[in-house]
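Structure record follows, encoded as structure tokens.
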Amino acid sequence: DTGVSQDPRHKITKRGQNVTFRCDPISEHNRLYWYRQTLGQGPEFLTYFQNEAQLEKSRLLSDRFSAERPKGSFSTLEIQRTEQGDSAMYLCASSRDRGGRAFFGQGTRLTVV
Amino acid sequence: RKEVEQDPGPFNVPEGATVAFNCTYSNSASQSFFWYRQDCRKEPKLLMSVYSSGNEDGRFTAQLNRASQYISLLIRDSKLSDSATYLCVVIFTGNQFYFGTGTSLTVIP
């Protein structure tokens with residue numbers, strides 16, 4: 001499978017715990033995006049990488065959120081001290097060209113209890 | 001005002017009907033436009049890009065009106081399998097994909 005893959009698919013965690021998600025983009029894509037989606041809403045932009053450089057961060061990305069893409073390939077999104085409001089689907093996408101089509105992974109569904 | 005706005009619906013149409021969705025965007029410097037389809041609890045999947053000249057893919061036609069800042073999606077001869085949420089996506093400048101909230105379509109037998 002050469003699409004975008006995310007791991008894990010589901011995560012249930014207790015409030016206050018830290019969680020980390022992984023995204024493996026399509027191999028020739030140098031652009032990688034993280035989005036968050038809650039029920040009934042469209043995906044909301046969190047952050048964007050071009051190769052290993054994090055070029056944009058949303059105001060939604062509080063200090064508890066951090067993302068990395070150390071070698072310009074896979075990326076991780078960490079949420080520290082999770083809160084119930086963090087419960088959402090976290091989507092990763094990649095694209096090859098600026099302004100080009102983005103392809104999404106299946107997402108990681110986070111539930112904070 | 002949101003960057004991208006869509007009528008959330010729901011649109012309930014009989015099989016075989018023609019249905020159209022519109023989406024408006026706020027930034028006149030917008031560069032790229034797409035329609036994505038999202039099934040329940042699944043990831044968004046690219047349906048089609050939207051070009052200034054308009055484009056068609058089978059039963060689907062997308063159009064862009066830069067003067068009025070909206071894009072549209074027309075689905076002809078609706079199938080049951082077309083039932084999904086349709087997301088309008090706009091890239092302004094830079095790299096962010098801005099999504100609308102989606103329009104829900106249910107095609108009824």
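Here is how names work: the chains are called A, B, and so on, in the same order as the sequence lines, proteins then strands, and each is numbered from 1.
When the side chains of ILVMFWY residues are joined at heavy-atom separations under 4.5 Å, either directly or via intervening members, Tyr70(B) and Val19(B) end up in two distinct hydrophobic clusters. Hydrophobic cluster membership is shared by Leu61(A) and Val19(A), with clusters built from Ile, Leu, Val, Met, Phe, Trp and Tyr side chains linked at under 4.5 angstrom. Residues Ile75(B) and Val13(B) are members of one and the same hydrophobic cluster, defined by side-chain heavy-atom contacts under 4.5 angstrom among Ile, Leu, Val, Met, Phe, Trp and Tyr. Each of Phe33(B) and Leu74(B) belongs to its own hydrophobic cluster when Ile, Leu, Val, Met, Phe, Trp and Tyr are linked at side-chain heavy-atom distances under 4.5 angstrom.
Chain B forms the most heavy-atom pairs under 4.5 Å with one residue out of Gly107(A), Gly42(A), Ser95(A), and that residue is Gly42(A).
By the 6.0 Å contact criterion, CZ on Arg101(A) is open, its count of non-hydrogen atoms from other residues, nucleotides or ligands being 12 or less. Within 6.0 Å of CG on Leu39(A) lie no more than 12 heavy atoms contributed by other residues, nucleotides or ligands. Surrounding CZ of Arg15(A) are at most 12 heavy atoms belonging to other residues, nucleotides or ligands under 6.0 Å away. Summarising the local packing, CD of Glu15(B) is surrounded by more than 12 heavy atoms from other residues, nucleotides or ligands at distances under 6.0 Å. For CD1 of Ile108(B), the number of neighbouring non-hydrogen atoms (other residues, nucleotides, ligands) closer than 6.0 Å is greater than 12.
Under the 6.0 Å cut-off for aromatic ring centres, Phe97(B) and Tyr35(A) do not qualify, their centroids lying 6.0 Å or more apart. Taking the six-membered ring for Trp and the full ring otherwise, Phe99(B) and Phe104(A) have centroids separated by under 6.0 Å.
To the nearest 0.5 angstrom, Thr101(B) atom OG1 is 11.0 Å from Glu44(A) atom CD.
Against chain B, the residues from residues 83-94 of chain A that qualify, each with a non-hydrogen atom under 4.5 angstrom away, are Met89(A), Leu91(A) in number order. Residues of residues 43-65 of chain B lying under 4.5 angstrom from chain A, judged on non-hydrogen atoms, are Glu43(B), Pro44(B), Leu46(B), Ser49(B) by number.
Using a 4.5 Å cut-off between heavy atoms, Gln6(B) does not touch chain A at all. Looking at Gln37(A), only its side chain comes within 4.5 Å of chain B, counting heavy atoms on both sides.
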